[in-house]
Amino acid sequence: MTDSPARSEVAAFLTKRLTEITKQDPSMITGSSVFVEMGVQSIDAVLLCGEVEDKFGVEFDPASIFEHDTLDNFMGLIDERIAAQ
Amino acid sequence: MSAAIAAYTIVQTMSFAVHGLLMRPREVWAEVGGLSKAAETTERVVSLYLPTLTLGRVAEEDVEVRGCPFSSGQAIILDMVGANATLRARTGDQSAHMSFGAGVHKCVGEPLGRAFLDEVLPRLADAFPDLAFLKDGVEPHLTSILQCPTTLPCVLDATNRRLNARMVEIRSKADARAIVNDDETWMPPTMVEHLEALQEKSGHDLSTAIAVARNAPFFLSGPRHETIRPMVMEHLGGNRISAWHAHWEDAASAASRRLEGRAKLDLVADFTDPLFKAAVKSVLGIAARDHERFDALAPKIQEVLHPWLPMRDLLRIQDVMADLLGLMDLPELGADTPLRLLNAIRSETPEGFDERALKSLVLVLYGASFNVRHTLANVLYHILLLLPEEWRFVRTRAEFEKRLDGLIAQCAATKYIYHIARTPVQVGNETLEAGTTARLQLLSINRHEPVGHLAFGHGLHRCLGAAMSRQILRTAIPALFSRHPDIALDPHRHHYLKMSQTIAFDLLPCLLP
């Protein structure tokens with residue numbers, strides 16, 4: 001059994017990957033950034049989910065990214081999954 | 001304590017009644033509405049949907065009941081469901097019942113129960129006329145004395161709903177029909193492009209999934225779809241498929257015959273599954289070098305590829321697809337009659353298709369045709385929930401055929417059809433951007449009148465196996481009920497598979513007298 005990842009660690013990883021995917025300046029990606037407005041597509045969601053699962057062992061469905069609208073809201077889901085581990 | 005038990009029984013009756021009523025067509029639910037006929041509705045509901053299976057009694061003295069002697073102290077079990085059915089049959093009164101008991105031990109909660117049902121049921125039906133029950137989400141509770149659901153997940157209305165920024169669920173039948181009829185604005189999910197991009201960005205080898213998606217008619221539009229559709233319809237279309245009628249008659253007859261002598265059976269393992277394999281594999285021309293392994297793996301490809309599939313599931317399904325394609329044999333070309341699909345399309349292989357592509361196409365069609373098995377079980381369950389006098393129509397082919405489309409509409413295994421907006425489009429009150437997915441939710445859409453149901457889709461992307469599915473259902477259901485007219489559900493012992501895209505039974509236990 002592995003230790004649960006820290007929220008900040010997952011948040012930092014997501015911010016870095018979103019910066020790469022959307023080719024935006026890192027300072028532009030904040031907790032209130034909206035996925036759709038950042039230009040995130042369904043394929044990006046599938047990739048992000050797979051990467052978070054591989055790196056942190058936290059599973060979630062790609063569609064849930066768009067169900068949570070903003071990065072902060074989505075991190076709420078991640079928190080729940082981490083807490084459930 | 002007695003009052004608490006009585007009150008709980010009222011809630012169980014209510015939930016069992018709502019379950020039973022929502023399993024029926026929308027018109028039945030509409031008839032429940034209206035407080036003016038509440039008392040009449042309550043009588044019928046209490047007669048038909050009694051959660052109490054049995055009651056225990058002890059004879060206080062030696063007594064004879066309708067010729068049957070009982071000694072003082074002897075315990076007896078009353079079959080309450082059977083007693084109500086007998087009363088209805090004997091009196092001809094469809095609301096006859098003894099659900100509240102009689103005499104000094106008559107249920108003390110009767111007035112409260114009647115008042116509760118009188119007030120609540122019509123108001124619920126009036127407030128939510130489009131209430132639709134997510135059948136495979138039910139959690140049944142069964143003991144030797146009681147049957148009722150403990151959860152009844154429902155969709156409250158037939159209003160479209162935005163699921164997320166990229167997806168809208170369509171529940172309105174008018175909007176759904178407009179979408180499936182408009183190929184200029186809407187297209188099927190572009191899985192090939194999605195998988196190719198995913199492969200490039202992720203570094204995973206998705207070549208098998210891409211090859212399969214490239215031959216899946218429901219992911220295609222344009223020239224490749226224009227080649228596949230007529231090629232398959234030449235053999236599975238309504239005009240040609242009737243050549244298989246005798247084969248299906250034999251398969252249905254054999255499957256029904258195998259149930260003889262059984263007191264208990266599972267309609268899935270003992271009827272729908274073997275019938276499905278016997279009826280469909282030959283038509284498609286599926287020959288495997290290891291049938292047992294093929295049959296064990298094949299159900300796993302029912303998990304449909306779609307653009308929201310997590311990578312782990314995609315890789316798992318791809319592995320299964322690779323195994324199945326490896327197991328499929330290409331039979332010798334010969335003059336088989338009727339001509340099997342794989343043989344037929346091999347003999348006229350169009351440009352751009354190799355043997356692997358043709359095998360992929362047939363495998364995709366086989367995966368999709370599992371819905372025949374599931375819809376067949378769903379229809380059987382639906383019929384078995386009806387009162388015996390209500391399902392006489394099944395034994396008369398002409399009567400049954402009149403009802404078949406209604407049954408398919410209500411019992412279709414497919415939960416959703418997906419379309420993607422090619423351009424910005426207005427659907428109801430929603431403005432959708434290009435690339436937005438419309439998920440057509442068939443439960444609500446098909447709950448309206450059966451004419452124009454979308455169980456098989458519609459238009460250019462109508463299910464290629466629709467005629468075959470319809471013919472198999474048309475043959476199998478009367479065959480079962482004519483050979484076993486007294487078959488009955490083993491109440492609330494059924495179990496659904498947990499599938500995101502399909503309503504499918506895992507177990508459907510029944511009894512044969």
Side-chain angles (χ1 to χ4, degrees), chain A residues 2 5 10 13-24 29-78 80-82 84-85, chain B residues 161-169 187-206 209-210 213 219 303-318 416 418-421 424 430-439 441 498-501:
Chain A
T2 55
V10 184
F13 175 77
L14 279 177
T15 306
K16 177 175 173 289
R17 286 295 290 122
L18 285 168
T19 304
E20 289 162 3
I21 287 167
T22 62
K23 301 189 179 8
Q24 291 189 48
I29 297 187
T30 66
S32 58
S33 295
V34 177
F35 288 115
V36 177
E37 290 171 2
M38 284 190 273
V40 174
Q41 302 289 325
S42 62
I43 186 171
D44 305 317
V46 175
L47 286 168
L48 269 179
C49 288
E51 290 170 10
V52 170
E53 190 177 323
D54 289 346
K55 197 168 171 60
F56 302 106
V58 182
E59 286 186 16
F60 52 88
D61 282 337
S64 62
I65 287 187
F66 294 109
E67 281 158 17
H68 289 76
D69 197 19
T70 66
L71 184 55
D72 262 354
N73 285 343
F74 182 60
M75 280 308 301
L77 173 73
I78 300 278
E80 285 172 22
R81 298 289 159 89
I82 290 174
Q85 280 186 333
Chain B
R161 194 166 70 98
R162 186 172 272 281
L163 297 178
N164 61 48
R166 296 280 189 218
M167 196 187 296
V168 171
E169 180 164 282
M187 61 184 171
T190 50
M191 268 315 281
V192 176
E193 291 82 348
H194 173 82
L195 292 169
E196 284 174 344
L198 203 54
Q199 176 173 256
E200 188 188 333
K201 289 189 178 185
S202 70
H204 286 290
D205 177 3
L206 300 177
I210 292 168
F219 293 140
E303 191 63 43
V304 185
L305 289 178
H306 59 85
W308 300 97
L309 202 60
M311 185 62 87
R312 62 177 178 282
D313 294 339
L314 176 55
L315 293 173
R316 180 177 47 78
I317 294 170
Q318 176 176 250
Y416 310 110
Y418 295 88
H419 284 266
I420 313 289
E430 292 274 0
T431 305
L432 310 183
E433 289 176 22
T436 303
T437 301
R439 185 172 88 169
Q441 194 253 64
K498 297 287 178 209
M499 295 178 76
S500 63
Q501 307 297 313

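For the numbers below, each heavy atom of this structure counts, side chains included, while hydrogens, waters and symmetry mates do not.
- Every residue meeting the side chain to side chain contact (heavy atoms under 4.5 Å, CB included) condition with B:Met167, not counting sequence neighbours, appears here in chain and number order: B:Leu163, B:Asn164, B:Trp308, B:Thr437, B:Arg439.
- Looking at every heavy atom in both residues, B:Leu198 comes nearest to A:Ile43 through N-CD1, 3.2 Å.
- Shown here is B:Glu433, whose CD atom has no more than 12 heavy atoms of other residues, nucleotides or ligands within 6.0 Å.
- Dense packing is recorded around CD of A:Gln24, with more than 12 heavy atoms of other residues, nucleotides or ligands lying under 6.0 Å away.
- Remark: B:Gln199 engages no residue in a side-chain hydrogen bond (donor to acceptor under 3.5 Å, both in side chains) (not counting sequence neighbours).
- Summarising the geometry of B:Pro310 relative to A:Asp61, their closest heavy-atom pair is CG-OD1, 3.2 Å, with the distance given to 0.1 Å.
- If you measure heavy-atom distances from A:Asp44 to chain B, the contacts under 4.5 Å come from the side chain alone.
- Across all non-hydrogen atoms, the minimal contact from A:Val46 to B:Met311 is CG1-N, 4.0 Å.
- Rounding to the nearest 0.5 Å gives a distance of 11.0 Å between CG of B:Leu309 and SG of A:Cys49.
- Residues of residues 64-74 of chain A placed with any heavy atom under 4.5 Å of a heavy atom in chain B are listed by number as A:Phe66, A:Glu67.
- Looking at A:Phe35, neither its backbone nor its side chain comes within 4.5 Å of chain B, counting heavy atoms on both sides.
- With sequence neighbours left out, the side chain to side chain contact (heavy atoms under 4.5 Å, CB included) criterion links B:Ala209 to B:Leu195, B:Leu314, B:Gln318.
- Atoms CZ and CD, on B:Arg166 and A:Gln41 in that order, are 4.5 Å from each other to the nearest 0.5 Å.
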